[in-house]
Structure formats: structure tokens, C-alpha cells
2 protein chains.
Amino acid sequence: MVTLAKVAEAAGVGESTVSRVLRNHGSFSRKTRERVMEAVERLGYVPNRIAGTLASAGSRLVALVIPSLTNIVFADVLRGASGILEENQHQAVFSVTDYDPEKEEALVAAMLAWRPTAVMLAGFEHTEGTVKILRASGCRVVELLDLDGTALDLAVGFSDRAAGAASADFLLRRGYRRIGYVGHDPERDTRAAKRFAGFRETLGAAGIPLVDRENHAGASSVENGRSGLERLLARTPDLDAVYFSNDDMALGGYFHCLAHGIPIPARLALFGHNGLDIGRVTPQPLSTIRTPRVATGQVAAELVVADAPSQVVDLGFELIEGATA
Amino acid sequence: MVTLAKVAEAAGVGESTVSRVLRNHGSFSRKTRERVMEAVERLGYVPNRIAGTLASAGSRLVALVIPSLTNIVFADVLRGASGILEENQHQAVFSVTDYDPEKEEALVAAMLAWRPTAVMLAGFEHTEGTVKILRASGCRVVELLDLDGTALDLAVGFSDRAAGAASADFLLRRGYRRIGYVGHDPERDTRAAKRFAGFRETLGAAGIPLVDRENHAGASSVENGRSGLERLLARTPDLDAVYFSNDDMALGGYFHCLAHGIPIPARLALFGHNGLDIGRVTPQPLSTIRTPRVATGQVAAELVVADAPSQVVDLGFELIEGATA
DNA sequence: ATGAAAGCGCTAACAT
DNA sequence: ATGTTAGCGCTTTCAT
């Protein structure tokens, strides 16, 4: 294995000189620089960041602990964050919790062992243990995609509760009165639960009850959305609108309606959440709320890279009228 | 910051003893073990893996350098791999190349600086530089999702060329003769290009020409599939079947047909690639090929963890008849 | 069963 | 401008 010492020897200079040249920090002559670079090339030297980090602190590693990779939402956040991190010579390290707070704690502990610059997590719901080790670690913490709660340090995203409320408000303004809900596992996906809470609250304030709901125990998916709507309609056929826990679910509902010739939105209105691209190209564009997923990752990464002071950044969301509600 | 030395002092034992207890390696008394664990708890000690790795070699880090996160294919591979890696106390570190070989080289170099156990890459197409540093690094290399080429070390996936051929074969057996193609950027997505090559080859062998094709310069997406099919049909209306570069594109084509009342498959047959879940729940299930994405990640991770000898693992694929062709 | 000490490959003073 | 040296926080002989 080629080490810095070998490069120094090959170039006929001291180790610290090689280090200075490689990091382009401190002073050295043009000639020295060339000699060093030549040796680096010739030997195929790749600096050992493990050693570098140990010697200097600052690992330039950012840990992302996310609930799921299947859910495009987190893939988008990851993409936004890793883009900015790369541009700033940081590395993204990630792991997946499957929406399990205990697993999250274990993973956070494992990540902390790499002494990351920051840890990014989804939402505000963490175990006491997670909060404790995070606090003790002294590293930056970013909580993503939730603003309805108290931030540990940095928080970036939008309010799910407000998004749910806006969705309800939209359906009410459109004149829908017999409204149902099709959702997925609310225990695990607490952000979807918050949307639903905001949704119900707004309906309630308008004196309109939620007529019926269907909750699938598993993860959100197009399939579960389709079967969920089917069950809901079997039980309560006379709904005029359905709110889905997200676009995947809503898309499933849409497919159910297409397959069974249910006119949309005349006979039944559908409303989703997330504003996925696919919802823009269905025969009828999906009525939904576009969430700032990539931007959330980007802003989170920017704050970390800049070592910004603790703060909460609300990126908001945008209602897309679409043609299904 | 709590270090092993502080734990040792607090527990009244030597550093090496703490190390042994923590790694459960070597011998120590029951009493000592308890004293150490008590101190660890009390101080909230989290071992520093940076230091541990430097002292012992073996970083237990596995680098995944993938073309895209938007493409669910790679998210699936990532998920498969990270699951197995976690179970075996390894960490996944990843970065995204945007299908750019030069960027891949830079990223591989950056990852190598962390002295990973293995580097996983998509496909066989790499720059000379990438191959060189990979070889020099001495770490394991896994090339994913491609078998049509020469492996550097380990390779796991299926043959895109064979998948394309199987798709053509299926359409021919169904009796389609005026066949078109809608694809995305073939320069970047070389695996899609290989599928297309296999597809054409099989058509050619049967004496059936490819009537027309439409290639979008950008990435694959539902939107580009929809607009691509629209352009293709505007130019060549009398096609009886269309092969798409993947399911996202095919889904877009499907939506175009739904929106324009084109009967499927009577008037036009559609065939995709990947076997995404969403294609199972559309009003008509999509005819496509299911690829072993999660399994690819899993098997790759298993081989790395087991430090298996160099080999090529063909996970095959499965044709799904569906109802669109 | 346990401790002392020598590194692992770098960086960061501190000299010169 | 450049070299010397003392760590960074562990793991790993090697003694005891």
C-alpha cells in the first residue's frame, strides 16, 4: 500500500511537504509541487482519509438516516443532499430504518462512530436514546421534512399538518362534502399521520365529518392505494371525494377508477400528496400537493456545510389543481 | 469527547482490556467486563471507528457508486445491498455519477480514500483511469446489473442483451410485425443500449425490420415515454407494437394511449422492461421483464461480506406476459 | 486475565 | 519554503 511517507521519500521531500502540496495549504515552491505530484502519479497514491480524519478531526462525512429507500420521497432528499455535499467535498453515508425508531437509534449510534460532521434524520419522532446520543455527540443534527414539533438543532422541510389542512380546504372549496380517506400505516409514517390530522381538523372546523376511512397496515404503494379504495367504496359507495396519504396511494386509486369506469372527478374526486412527476402525465393530471423534496436535501446540506446556526427552515409546498378533484 | 482511555481510567483497567471487552475478543473476567460496561454506560462512550479502522485495517465500509437515484432500479439495488451489509456490520457509502464516466472516476477515487472493503459499480463501462485505480487499490470490486462484458472481479446481475432478445422474441411470437422503439439517452445508459441491441438482433434474425424509433436525449421518465410515443406515432401511425427502454417509459406510452383512446393491445401493443410494481396495478398489467434488482444488491453484498472468490453471478430475469402485448 | 507499548497514516504545530 | 515531531484514538503483539 502506497503511503504518504513513500511518496515523500520518492519525491525526496518531507512528509509534511507532501501533505501541504496535496491539500494545497501552506507554502511550497513550484518545483517542489511538481516533484511531489510526479511521485503521486507514478506511485498511484490515494490519500488515506481515515488517517487524515483521525489526525485532523472533521471527517467530512454526513450521515443520512432515512426511513425508506422505496419511497421516492427519501430518494429525492438523498439526491438533493448528496449533490450539494459532493460539491463541497463531503461524503454522504446513509442507512435505512424501515420506519422503526429502535432501529433508528441503533443506526444513529453506528453512524456516530464515524464521527460525522452532521446527522440527518426524518421527522421529529425519535427515541429518548437517539436524542441523548445525538446531543452527547456534539455533531450537527438536521431533522428533515417535518416542522410540526421541536427541533433538536436544524430542521428543514414543510408542515405536514398544514399540507393536510390545505388539501381539505381545497376539497371543501370545490364543494365536496362526502369525503373519505385511504391511508397506510399511520403508526410508522408519523408524517402521513400529521397530514391526516391537519386534514380532519380542517374538515371538522367546517362542520363536515370524514365519512369513512381505510387504513392499510403496510407501507404505501400503488397497489395498496388501489385495494384500499376498492375496500372503501365497497363499504361506502356514495363518497364524492377521497384523500390519499400520498401520490402512490392516489395513483392506485386512480387506476381502480379507470379499471372500473368510475368517472373522475364527476363521480369521485381524488387528491394525493407529494406532486410526483408521474402524476403530471396520467391521462388526467393528479390533484395533489407538491412537496420540496430535493430542495429539502439541498438546503439541509447547505446549512451543514456552512455550519449555520440552529434554525428551522420552512420550504413550504404548492397545491397542484390537477384534474382529478 | 469520551475516549477509550477515559473509559479505561474510569473503570480502573488498562486500555487494551476495554478494547477486548468491547469487541468481545480475547479473554477477561466477568467482573472486569461488568466494570467496563458500567463505565461505558455512565460516560456514554461511542467507540471511534475512524481510529479503530486505522489501527486494524478493514474499514467495513462498502462504497456504492451508482448512476442515478431517481431511477428506482438503483434505489432497489442500494436497498438490497444495504440490508445485507447492515446485517453484517458493514456500512454502505454511496455516490451518484449521473451516468458520467468521468464523474465515476472521480467518485471512485474519493471513495477509495476511505479504504472500503469493496466498491460496487453499475455495469462494465468504465474509464481506463477508473479501472487502474480500482486495480491498484486491492479492494474488492463488484460490477452490477450487467453481464455482457468482462468483469474486473465480481459481477452480479443479468444479461441486458438477453433481456432485449427475449422481449423481441415474445413480440414476434405474439405475431406483431410492425414494431417500433421508444428509448432514452443511449450514450449514457449503456445497459439500455445493450437491451436495444439484443432486441434488434433478434428481430433481424427473424427477418423483421425495426420500423421506426424515437430516442429522447434525456433520462428515462414517464413523461419522456409519453411524449416519445406521441412523436413516434405521429410519424409512423401504423405500428402494431412498441418496445420501450424501460417501464417508466412504457408507462408514459400507456398513458398516451389511454388519453387518446388507442385500444391496447388490439391496436397497439406495449412492452417495457424492469417489472416495476406499478405496472402490476395499472388497469391493464404491463407486459414487461422483471429484473432481479433487490437480489442483485443482496447477492453482491453477500459475496463481499463472505470475501468470495472472483465470479460472475447471473440472476436471470422473468418475462411477465401482462395484458399490453 | 491483564497491562505496557508500538504503531496505523496522516496533520499540525514548531523549528529552521 | 521545508523538515521534524508529537499526537489523533484505537488495535495488537508481547510480556507478565
Side-chain angles (χ1 to χ4, degrees), chain A residues 1-37 39-40 43-61 89 110 112-117 136-139, chain B residues 1-37 39-40 43-61 89 110 112-117 136-139:
Chain A
M1 194 81 283
V2 187
T3 65
L4 188 146
K6 286 192 188 138
V7 174
E9 193 187 3
V13 299
E15 296 189 27
S16 50
T17 301
V18 176
S19 176
R20 279 188 287 255
V21 170
L22 256 27
R23 286 173 305 128
N24 196 29
H25 180 278
S27 51
F28 42 82
S29 70
R30 199 150 221 357
K31 270 191 88 90
T32 304
R33 185 203 154 74
E34 274 158 23
R35 286 240 300 286
V36 170
M37 293 316 278
V40 165
L43 301 178
Y45 171 64
V46 176
N48 184 334
R49 267 200 162 291
I50 304 269
T53 299
L54 183 60
S56 69
S59 72
R60 294 188 155 272
L61 230 36
Q89 291 75 244
L112 251 18
W114 288 99
R115 299 296 185 265
T117 303
S137 76
C139 84
Chain B
M1 194 83 282
V2 187
T3 65
L4 188 146
K6 287 191 187 141
V7 174
E9 194 187 1
V13 300
E15 295 189 27
S16 48
T17 302
V18 176
S19 177
R20 279 182 214 117
V21 170
L22 256 27
R23 285 173 306 124
N24 196 28
H25 181 279
S27 50
F28 42 81
S29 71
R30 198 146 220 0
K31 272 190 86 90
T32 304
R33 187 205 153 72
E34 273 157 26
R35 288 241 299 286
V36 169
M37 293 315 277
V40 165
L43 301 177
Y45 172 65
V46 177
N48 184 335
R49 268 199 161 294
I50 304 271
T53 299
L54 182 59
S56 68
S59 73
R60 295 187 154 272
L61 234 35
Q89 290 74 246
L112 250 19
W114 289 99
R115 299 295 186 265
T117 304
S137 76
C139 83

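Letters A, B, ... are given to chains in the order of the sequence lines, protein chains preceding strands, and every chain is numbered from 1.
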Checklist entry - Would you call B/W114 and B/I50 a side-chain contact if the rule is heavy atoms closer than 4.5 Å? => result yes
Checklist entry - What is the minimum heavy-atom distance between B/T17 and B/T32, and which atoms define it? => result CG2-CG2, 3.4 Å
Checklist entry - Which part of the nucleic acid, if any, lies within contact of A/T53, taking any heavy atom under 4.0 Å across all strands shown: a base, the sugar-phosphate backbone alone, or nothing? => result nothing
Checklist entry - Of the nucleotides C/dG3, C/dT2, D/dG9, which has the atom closest to the B/T3 side chain? => result D/dG9
Next on the checklist: With a 4.0 Å cutoff (strictly under), does any side-chain N or O of A/S27 reach OP1 or OP2 of D/dT2?
Outcome noted: no
Checklist entry - Given atom CZ of B/R115 and atom P of C/dC10, what is their separation to the nearest angstrom? => result 7 Å
Item to check | Heavy-atom closest pair, residues B/Y45 and B/L22 | outcome: CE2-CD2, 3.5 Å
Item to check | Length of the CZ-P vector between B/R49 and D/dG9, whole Å | outcome: 17 Å
Item to check | Spacing of B/L43 atom CG relative to D/dG9 atom P, expressed in whole Å | outcome: 15 Å
Checklist entry - Tell me, which pairs form a side-chain hydrogen bond (donor to acceptor under 3.5 Å, both in side chains) where one or both residues lie in residues 48-60 of chain A, sequence neighbours left out? => result A/R60-A/H90
Checklist entry - In whole Å, what is the span from the CH2 atom of A/W114 to the P atom of D/dG9? => result 16 Å
Item to check | Distance, rounded to the nearest Å, where A/M1 contributes CE and C/dG9 contributes P | outcome: 9 Å
Next on the checklist: Counting only side-chain heavy atoms from C-beta out, which of C/dC8, D/dA1, C/dG3 sits nearest to A/T32?
Outcome noted: D/dA1
Checklist entry - Has B/S29 got a side-chain N or O lying under 4.0 Å from the OP1 or OP2 atom of C/dA1? => result no
Next on the checklist: In this structure, how many angstroms lie between the C1' atom of C/dT2 and the CZ atom of B/R35, rounded?
Outcome noted: 11 Å
Checklist entry - For B/R30 and B/A51, take the nucleotide of DNA chain C holding the closest heavy atom to each; which residue's nucleotide lies nearer the 5' end? => result B/R30
Item to check | Side chain of A/N48 (C-beta onward), nearest among C/dG9, D/dG9, C/dA1 | outcome: C/dG9
Checklist entry - How would you list, by chain and number, every residue that makes a side-chain hydrogen bond (donor to acceptor under 3.5 Å, both in side chains) with A/R33, sequence neighbours excluded? => result none
Checklist entry - Atom CG of B/L4 and atom P of D/dC8: how far apart are they, to the nearest Å? => result 13 Å
Checklist entry - Between atom CD1 in B/I50 and atom C1' in D/dC10, what is the gap in whole Å? => result 11 Å
Item to check | Closest approach of B/V36 to B/V7 (non-hydrogen atoms, all atoms of both residues) | outcome: O-CG1, 4.3 Å
Checklist outcome for this item: Closest non-hydrogen contact found for A/V18 with A/A8 is CG2-CA, 3.5 Å
What are the atom names and distances for every N/O pair under 3.5 Å that joins the protein to nucleotides 12-16 of chain D?
from	atom 1	to	atom 2	distance (Å)
D/dT12	OP2	B/R23	NH1	2.9

